[in-house]
Amino acid sequence: MTEEPVDVLIIGAGASGAAVAYGLAETRMHIVCIEQGDWMKQSEYPTNFMDWEARAAGPFGHSPNHRGRATDYPINEDESPIKVANFNGVGGGTILYAGHFPRFHPSDFRVKTLDGVADDWPIDYDTLAPFYDESDRVTGVSGLEGDPAYPPKPSLMPPLPLGRSGTIMAKGFNAKGWHWWPSDSAIATEPYDGRDQCLNLGACTTGCSQGAKASTDITFWPHAMRAGVELRTRCRVREVTVNNDGMASGAIYYDEDGNEQEIKASVVIMACNGVGTPRILLNSKSARFPNGLANSSGLVGKNLMFHPYAHIFATFPDEVDGPRGPHDCIWSQEFYETDKNRGFVRGFTFEGARGHAPVSIAVNGMLGGQIPWGDGHHEAYRQRANHICGMVAICEDLPEEHNTVTLDPRLKDPDGIPAPKLTYTLSDNSRHMLEFSIERAREVLEAAGATDVQSGYPIVGGGWHLMGTARMGKDPERSVVNEWGRSHDVKNLFVVDGSLFVTSAGVNPTRTIQALALYVADAMKKRLANLFD
Amino acid sequence: MTDIISSDSSLNEDDLTALRVIAGTIIPASERYQIPGADDESIFNNIVAIAREQGDDSLKRQLDALQSQCHDRHQCALEELSLQDRVSLLKASGHARFRHRMIRLTANAYYQDGRVLASMDLKDAPPSPAATMYPKVIGHC
């Protein structure tokens, strides 16, 4: 069935799809967003149930390959040491993210100029700053103004409490004389825009049943829909279609019953994350675009970046927060900027973590050998329960063309659409950075009084951030879209998700993804009369 | 025990007995802390429920293999071994995936039990909807 063409078709209702829908809503164009997943219900999130940790590892797990929801698609990750963590539904990855909400640094947009690696972005921090501010207003960001690691930026609500864990770790950073600051968080610490405030339920990464965490289903989407944007769920896109002029003409998708549908559109916006977007573009082959859509550069799917993570946790004699409260508390950007004496370029952020939940302590302790089976189990468990906290190091991943998203020749989703395959190797630069981060974290934790420091890298299931696979740039031979998100090849096709990223920075990307989507929407609005020129 | 197993389950009585013994081996009861082991009826029911939700075909095969190994080595059933011998057998079983699964199954059921959580002053309730008030932190950063 083919319906009347819409003005704008957005594919994907996660962080970027929600933000671009919000940004374009005031145009009063006929905007339709199609999303393969469902609306989520706060009453169904795991934290409403006693077996919440089991549910968090099951239907609310972060791996689409293990979660097994009908709304997921499989990913061949056999050739990647880091596995994808995502969520397919309205809100996308923000349903399960922790709410860490840092901005990029100004230096992150200029790594070629500063450090001679990768490429500079075609835009800078100042260009994006007003869109960070707008995204922050819709999201509701808590934090403490004055962080010396950043240019001045507003905080809309007080920071999350440091708690016992944050205070202990802050003492460690103080002992070393290193930077730390209360984390910026996409978690409301006061009633905000119809949402209630955080009650420190914990387990933010299983979905926030309080509605305090700013997943885009409860932030951008209600505003966008009130302004007239239409959102349709259970629509799994197979390909973006093109017309005889080489322009995008809409998309073919499968509805909930597996029936093939087509939707026509004057503008198509890709918002499916750094794996989903290249997957669809590569699946959109035609006589005119035999290598996939928007791919004359050959860079669709290349330069895949994660953030390699190290984890460093330790046991403390005093009680810590454990599972009580949001994961976020403090961060440190002492080692964010390049110091070549360290043996690597670029840097990382330490993000404090309050602790682990009861089942996680038992599983990790037994698998790691710190908690025995049988005799001695209970004593060892009690020495660790609510006494473990620590941090992760989120490391900047530089783009490399051999890290790719391609189409798997055999694996398909339930609708028969070829699935993505990841090929990724951890670079020497990343390894050196990860090892350095572990040593520095150990110093901090020991300075704070820790014993039994445990660490490792990478966090295998920690592929939360999917970036770089349809990068922006001014040179059509070195980028997929231009400096305001429009395909170099197809002038009514836009990308707004993490695929755009030229480099990854050493921070969580969601705040920048949303700001970029608002920036692209603004660029489109300013050019409506000649958008396709 | 059989009332918790649906007719389509592949786990038979012997499997369930073995599963319960393994659970109690991994986390035994504690007199000191006045808490049950993971072979407690209520906790074990949860273990079986989680196993069923995950699908129990491979679990059955793994349990069968372990029981055969026990008979081969000790000429007796798993439940007749001492706790130490059961731990040794499980650790030597050579099936890391099975051991990991048993650890996850057992821990997931055990550490959601109200009696166990209460014994550690942890909340005997889901995280939601009760708020957590942070205790006052002594000292300065």
Side-chain angles (χ1 to χ4, degrees), chain A residues 42-43 45-54 57-59 161-164 166-171 173-174 180 197-203 206 208-210 318-319 321-325 330 357-367 371-375 377-379 381-382 385-386, chain B residues 22 24-33 35 37-38 46-47 49-50 53-55 82-84 86-88 90-91 96 99-100 102-114 116-117 119-141:
Chain A
Q42 290 170 16
S43 61
Y45 287 146
T47 47
N48 293 294
F49 306 93
M50 274 305 288
D51 62 343
W52 65 276
E53 285 192 83
L162 297 187
R164 293 176 187 269
T167 304
I168 287 170
M169 284 183 279
K171 286 178 179 170
F173 282 109
N174 282 352
W180 69 269
Q197 71 189 77
C198 178
L199 293 174
N200 303 318
L201 302 177
T206 69
C208 179
S209 51
Q210 171 72 359
D318 294 332
E319 189 170 334
D321 297 325
R324 297 165 292 202
I330 65 169
V359 173
S360 301
I361 290 169
V363 170
N364 294 339
M366 286 195 276
L367 292 179
I371 298 177
W373 300 7
D375 291 338
H377 175 90
H378 298 289
E379 286 74 14
Y381 184 91
R382 277 162 168 71
N386 286 344
Chain B
I22 294 167
T25 302
I26 294 173
I27 307 181
S30 169
E31 280 187 30
R32 178 179 175 187
Y33 298 110
I35 46 176
N46 278 328
I47 290 175
I50 296 169
E53 201 164 288
Q54 294 174 347
S82 70
L83 179 65
Q84 291 301 336
R86 289 200 301 266
V87 170
S88 299
L90 280 166
K91 288 189 170 171
R99 288 199 300 274
H100 290 185
M102 285 309 309
I103 285 172
R104 289 180 195 283
L105 269 176
T106 305
N108 264 298
Y110 190 78
Y111 286 104
Q112 70 176 44
D113 183 84
V116 174
L117 296 175
S119 77
M120 295 182 286
D121 291 329
L122 293 172
K123 194 165 64 173
D124 175 15
S128 183
T132 294
M133 301 306 292
Y134 274 100
K136 275 198 171 176
V137 174
I138 298 168
H140 302 281
C141 296

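We name chains A, B, ... by the order of the sequence lines, and we start the count at 1 in each one. What you see below is based on every heavy atom in this structure, not just the backbone, and it leaves out hydrogens, waters and symmetry mates.
- B/P28 touches chain A through backbone and side chain together, each having a heavy atom under 4.5 Å away.
- Heavy atoms closer than 4.5 Å to chain A are found nowhere in B/L105, neither backbone nor side chain.
- Put simply, OH on B/Y110 and OH on A/Y381 are 10.0 Å apart, with the number rounded to the nearest 0.5 Å.
- Listed by chain and residue number, A/A357, A/P358, A/V359, A/S360, B/N108 satisfy the side-chain contact (heavy atoms from CB on, under 4.5 Å) test with A/E53 (two or more places apart in sequence, or in another chain).
- Between B/L122 and A/N386, the shortest heavy-atom contact is CD2-ND2, 3.3 Å.
- With a 4.5 angstrom heavy-atom cutoff, B/N46 does not touch chain A via any of its atoms.
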Evaluation steps, side chain to side chain contact (heavy atoms under 4.5 Å, CB included), between A/W52 and B/Q112: CA-CA 8 Å; A/W52 65 276; B/Q112 70 176 44; over 6 Å; no
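- For the residue pair A/N48 and B/S128, the shortest heavy atom distance occurs at OD1-OG, 3.5 Å.
- Closest approach of B/S30 to A/H378, counting heavy atoms only: CB-CD2, 3.5 Å.
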Side chain to side chain contact (heavy atoms under 4.5 Å, CB included) between A/W373 and B/M102, intermediate numbers included: CA-CA 11 Å; A/W373 300 7; B/M102 285 309 309; over 6 Å; no
Pair A/L367-B/R104, side chain to side chain contact (heavy atoms under 4.5 Å, CB included): steps then yes or no: CA-CA 9 Å; A/L367 292 179; B/R104 289 180 195 283; 3.6 Å; yes
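- Of all heavy-atom pairs between B/M120 and A/R382, the closest is CG-NH2, 3.4 Å.
- Listed for the A/H377 side chain is no donor-acceptor partner under 3.5 Å among the backbone atoms of B/T25.
- With chain B as partner, the option from A/Y45, A/F173, A/F49 having the largest number of non-hydrogen pairs under 4.5 angstrom is A/F49.
- Contact annotation for B/R32: only side-chain heavy atoms (C-beta onward) come within less than 4.5 Å of a heavy atom of chain A.
- Scanning for side-chain contact (heavy atoms from CB on, under 4.5 Å) contacts around A/D375 gives B/L83, B/Q84, with sequence neighbours left out.
- Interface residue B/S119: backbone and side-chain heavy atoms are both found under 4.5 Å from chain A.
- Heavy-atom minimum distance, A/V363 versus B/A107: CG2-CB, 3.7 Å.
- Heavy atoms closer than 4.5 Å to chain B are found in both the backbone and the side chain of A/A54.
- Shortest non-hydrogen contact noted between A/M50 and B/P126 is SD-N, 3.5 Å.
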